[in-house]
Amino acid sequence: MTDDIKTHLTALMRAALTSVVADQADAAIVLERPKQASHGDFSCNLAMQLARPMKRNPRELAGLLLGEIPRSPLVEKTEIAGAGFINFHLTAAAKLGVVGRVLSQGEAFGRSTQGDHRKVQVEYVSANPTGPLHVGHGRGAAYGASLSNLLAYAGWDVTSEYYVNDAGRQMDILAVSAWLRYLDFYAPATVAFPPNAYQGDYVADMAAQMKIAHGDKLVRQTAELLRGTPGLPDAERTDDEAKAQREAHLDALIANAKTLLGEAWNYVHSHVLSEQLEDCRNDLEAFGVHFDVWFSEKSLFDTGLVDRCVERLEKAGHIYVQNGAKWFKSTAFGDEKDRVVQRDNGLYTYFASDIAYHLNKYERGFARIINIWGADHHGYIARVKGALTALELDPAVLDVALVQFAVLYRNGQKASMSTRSGEFVTLRTLREDVGNDACRFFYVLRKSDQHLDFDLDLAKSQTNENPVYYIQYAHARVCSLLAQWNGDEQALAAADLARLDNPHELAIAAKLAEFPELIDSAAAELAPHLIAFYLKDLAALFHSYYNAERMIVDDKALTCSRLALVVAVRQVIRNGLAILGVSCPQSM
RNA sequence: GCGCCCGUAGCUCAACUGGAUAGAGCACCGGCCUUCUAAGCCGGGGGUCGGGGGUUCGAGUCCCUCCGGGCGUACCA
């Protein structure tokens, strides 16, 4: 029996096509699963596609094709319907064959060779290690992890990667924030804590750690710390001038801190970095999100790759100098405006290291590179692809999947998502409140580029109504059935499937057969949410069947047939939930 | 202003990338537990797919144009 009925039917249609119109024999043949059961198991729109080039009536063409379709033991009947669809109705045996395949292939059922072992890199989360991950990062994490699993399932050799922004100003701000809190232990309230420094409690916690580890060795004269700073404007002021002054004040504090601390600054900096990174890594691991590579932005500078990158662009004539800064001529590659890569103060921009990072990715030989970015970064796609083109790399290798922010609602109101203000809900809190399974599932229940309203109160109070339980419940019910049956599960593979003939059973079999196709299309579209919707549908068919029929009956052979079917359902639920990173409880 | 994304049931979202009568879940109404897990099932109401025009056998899906929302438009990361 053929493993792929679609391929088989396509061959039948091809034969009919060749016979009817030889000169159109290479036309594309598309087979779809109709939404409505009465339209059969597969439908083909070939006659309608050919109607125009051949200037013939579609239904008439369909009739000609229908007469030339070779007989097949899998096909019960074919018919013309609607505007000219050719519908295939499969025999019950052909529909039920999938049950045996699921049972024999087990967790491999649905795996495909689409990726053909090619190397793909998926980079995601990549949040600045300046504080705990929040619910917005959680969505990127859940999407990226599910997508990585999905691509691996579809035959890709996946490397998941987290880009650590350990080189920029934000890290300096975090370091100085922690140090100021530390100084508070020894000289309370002598230096006002800047409003644009990191406010969260975790900053004070790190300061306390430094005190325990080093006592007062990191204390410096606070008067020196304020030397040359512009001071802080009134807290109420929100005008541009006041904002600029606050930033200048913070930068001056950082510069003074570096001078005063000398070598100890590096300690403070690396301490806060490793603390935050470790916290982030633990948080993600607990969420079932694992990264193969943690890539340091700083390493791009240390190895000189950023320098070499800019030089290469310069030699190729894509850089010019204006107002003391080096600009990349990205408008030559479709960007809206040119972009600075090196500032007039000699420092590289984030864009410069980003170009270097992508060059590094290409040099590692990935057939495909997928960046998962927050949707607010969509403006960067053009410039990054432009830079790649300028470096004579193929921009089509890079795919950027945008993830809209998850907006958290608490007490019916939008919760602030700013890390610096300290008023955020952490991913950790969300996981503890809602649970990992519901969390992972909820995040991928909608298309990644759609806004997600995450109502914390609802997720907490209506946990039982979360769709993830609906699917897990189906799994648990099958486990419970097997426990009560208490027979040899291995023997189910030999069950007589011909005993399955009611509409519930045939509908379930048809759904199971869709799974491999679903994996391919979900992987191709980078859309793990399709898995979630599929599993909901499959679970619904199961629950409906479960309520309509008894599985364990006096007829032992029939019992085996039915259990074989529901064990196949359980297997596909397992395979699907594994991709989504959701557990499969035996009982609930 | 310009660019990208979005607008589908009261709410949150699907719709096999152009297919047949647009589907689920919440919420609402009415049924089903002395029988394998009621975190379940069965039935019901609910729609001008933001508006208008176009493309074709066929449009929620593609093109144009309005209306409404989000994001971006840094020598920030």
Side-chain angles (χ1 to χ4, degrees), chain A residues 30 32-36 38-39 43 45 47-49 51-52 57-59 81-85 87 127-128 130 165 167-171 173 247 297 322-327 335-337 339-351 353-354 374-382 402 404-405 407 445-447 449-453 455 458 462-474 476-485 514 517-518 521-522 524-525 529-530 532-534 536-537 539-540 542-553 559 562-563 566 587-588:
Chain A
V30 179
E32 294 184 322
R33 292 179 182 273
K35 292 174 201 159
Q36 222 175 309
S38 65
H39 291 146
S43 73
N45 64 1
M48 291 178 293
Q49 298 292 354
R52 190 140 80 130
N57 179 302
R59 278 194 74 103
F85 290 100
N87 292 340
N128 281 340
T130 51
N165 296 115
R169 175 171 178 260
Q170 295 304 321
M171 278 310 302
I173 296 174
E247 297 304 320
E297 179 191 9
Q322 189 176 61
N323 299 334
K326 283 185 184 173
W327 296 70
D335 198 5
E336 292 172 348
K337 56 169 289 195
R339 311 290 174 176
V340 171
V341 289
Q342 191 173 24
R343 296 195 278 265
D344 58 2
N345 61 12
L347 292 175
Y348 286 113
T349 60
Y350 176 84
F351 180 44
S353 50
D354 222 24
D376 56 332
H377 282 64
H378 69 77
Y380 292 87
I381 299 173
L402 296 176
Q404 290 285 353
F405 276 121
V407 181
L445 197 50
R446 48 219 54 195
K447 268 194 294 206
D449 58 356
Q450 295 274 9
H451 285 96
L452 168 60
D453 292 340
D455 187 330
L458 190 74
Q462 303 196 351
T463 298
N464 290 356
E465 282 155 13
N466 194 304
V468 70
Y469 294 101
Y470 184 76
I471 297 164
Q472 290 179 319
Y473 188 49
R477 272 182 155 176
V478 177
C479 291
S480 174
L481 283 171
L482 288 179
Q484 292 184 36
W485 174 61
E514 275 181 48
E517 298 163 26
L518 172 83
S521 56
E525 292 171 41
H529 76 279
L530 295 174
F533 281 97
Y534 170 87
K536 268 168 66 175
D537 289 346
F542 168 79
H543 286 307
S544 181
Y545 177 44
Y546 182 93
N547 276 272
E549 304 288 342
R550 275 192 76 84
M551 312 289 128
I552 298 171
V553 291
T559 300
R562 289 182 169 169
L563 288 179
V566 299
S587 65
M588 294 174 69

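Note that the coordinates shown come from a computational prediction; the quantities given were computed from them, not determined experimentally. Per chain, numbering begins at 1; letters A, B, ... match sequence-line order.
Nucleic acid contact class of A:Ala476 (heavy atoms, under 4.0 Å, all strands): base. Using a 4.0 Å heavy-atom cutoff across all strands shown, A:Asn345 reaches no nucleic acid atom at all. Nucleic acid contact class of A:Ala51 (heavy atoms, under 4.0 Å, all strands): none.
Counting heavy atoms from C-beta on, the side chains of A:Tyr546 and A:Val566 never come closer than 4.5 Å. Counting heavy atoms from C-beta outward, A:Phe542 and A:Arg477 have side chains that approach closer than 4.5 Å. Counting heavy atoms from C-beta outward, A:Trp327 and A:Arg339 have side chains that stay 4.5 Å or more apart. Contact check for A:Tyr350 versus A:Glu297: side-chain heavy atoms found under the 4.5 Å cut-off. Looking only at side-chain heavy atoms (C-beta outward), A:Leu481 and A:Leu563 come within less than 4.5 Å of each other. The shortest side-chain heavy-atom distance between A:Phe85 and A:His39 does not fall under the 4.5 Å cut-off. The shortest distance between side-chain heavy atoms of A:Tyr473 and A:His543 falls below 4.5 Å.
Taking atom C1' in both B:rG46 and B:rA9, the straight-line distance is 6 Å, to the nearest Å. Going from the P atom of B:rA27 to that of B:rG23 covers 22 Å, rounded to whole Å. If you take atom C1' in B:rU56 and the same atom in B:rA74, they sit 47 Å apart, rounded to whole Å. Atom P of B:rG51 sits at a distance of 29 Å from the matching atom of B:rG72, rounded to the whole Å. Comparing the C1' positions of B:rU55 and B:rC2 gives an interatomic distance of 28 Å, to the nearest angstrom. Using atom C1' as the reference point in both B:rU21 and B:rG58, the two lie 14 Å apart (nearest Å). With both ends at atom P, the span from B:rC71 to B:rG31 equals 47 Å, rounded to whole Å. Across the C1' atoms, B:rA22 and B:rC67 are found 24 Å apart, a figure rounded to whole Å.
Applying the 90° criterion around 0 to the glycosidic angle, B:rU17 comes out syn. Nucleotide B:rC33 is shown with a syn base, its glycosidic torsion being within 90° of 0.
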What does nucleotides 13-20 of chain B look like as a protein-contact string, B for base, S for sugar-phosphate only, - for none, at under 4.0 angstrom between heavy atoms?
SSSBB-BB
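Residues A:Asn165 and A:Arg339 each lie close to RNA chain B; by heavy-atom proximity, the contact nearer the 5' end of the strand is made by A:Arg339. Between A:Ser38 and A:Tyr545, the residue anchored nearer the 5' end of RNA chain B, judged by the nucleotide with its closest heavy atom, is A:Ser38.
One interatomic measurement links the two molecules: OH of A:Tyr348 to P of B:rC75, which rounds to 18 Å at whole-angstrom precision. Following rounding to the nearest Å, A:Lys536 (NZ) and B:rC41 (P) show an atom-to-atom distance of 12 Å. Computed from coordinates, the A:Arg169 CZ to B:rA74 C1' distance equals 12 Å when rounded to whole Å. The nearest whole Å value for the distance from the CD atom in A:Gln472 to the C1' atom in B:rG40 is 15 Å. Distance A:Arg550 CZ to B:rC41 P: 18 Å, rounded to the nearest Å. Summarising the geometry, the separation between CG on A:Asp376 and C1' on B:rC4 is reported as 12 Å, rounded to the nearest angstrom. Look at CD1 on A:Ile381: it is 14 Å from C1' on B:rU73, rounded to the nearest Å. Rounded to whole Å, atom C1' of B:rC36 lies 4 Å from atom OH of A:Tyr546.
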For a salt bridge (charged side-chain N to carboxylate O under 4.0 Å, His left out) check, start with the C-alpha distance between A:Glu525 and A:Lys447, then their side-chain angles and the critical distance, and finish with the verdict.
CA-CA 11 Å; A:Glu525 292 171 41; A:Lys447 268 194 294 206; over 6 Å; no
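Taking the six-membered ring where the residue is Trp, A:His529 and A:Phe533 present perpendicular rings, their angle passing 60° and hence far from 30°.
Residues A:His451 and A:Arg446 have side chains that never bring a donor and an acceptor to within less than 3.5 angstrom of each other. Checked by atom type, the side-chain pair A:Thr130/A:Gln170 shows no donor-acceptor distance below 3.5 Å.
Between A:Met588 atom CE and A:Gln472 atom CD the span is 5.0 Å, to the nearest 0.5 Å.
In this model, the phosphate group of B:rG72 is not approached by any side-chain N or O of A:Lys337 to a distance below 4.0 Å at OP1 or OP2. For B:rA39, the OP1/OP2 oxygens have no side-chain nitrogen or oxygen of A:Tyr469 closer than 4.0 Å. Residue A:Thr349 places no side-chain N or O under 4.0 Å from the OP1 or OP2 atom of B:rA74. The shortest distance between the side-chain N/O atoms of A:Arg477 and the OP1/OP2 oxygens of B:rA38 is below 4.0 Å.
Consecutive Watson-Crick or G-U pairing (both distances under 3.5 Å) extending over three or more pairs maps onto RNA chain B as B:1-7 with B:67-73, B:10-13 with B:23-26, B:28-32 with B:40-44, B:50-54 with B:62-66.
For A:His543 against B:rC41, no side-chain N or O and base N or O form a donor-acceptor pair under 3.5 Å. For A:His377 against B:rG72, no side-chain N or O and base N or O form a donor-acceptor pair under 3.5 Å.
Distance from the side chain of A:Asp449 is smallest to B:rC6 among B:rC36, B:rC6, B:rA38. When the nucleotides B:rC36, B:rC42, B:rC57 are ranked by their closest atom to the side chain of A:Ser544, B:rC42 comes out on top. The A:Asp344 side chain lies nearest to B:rC75 when the options are B:rC36, B:rC41, B:rC75.
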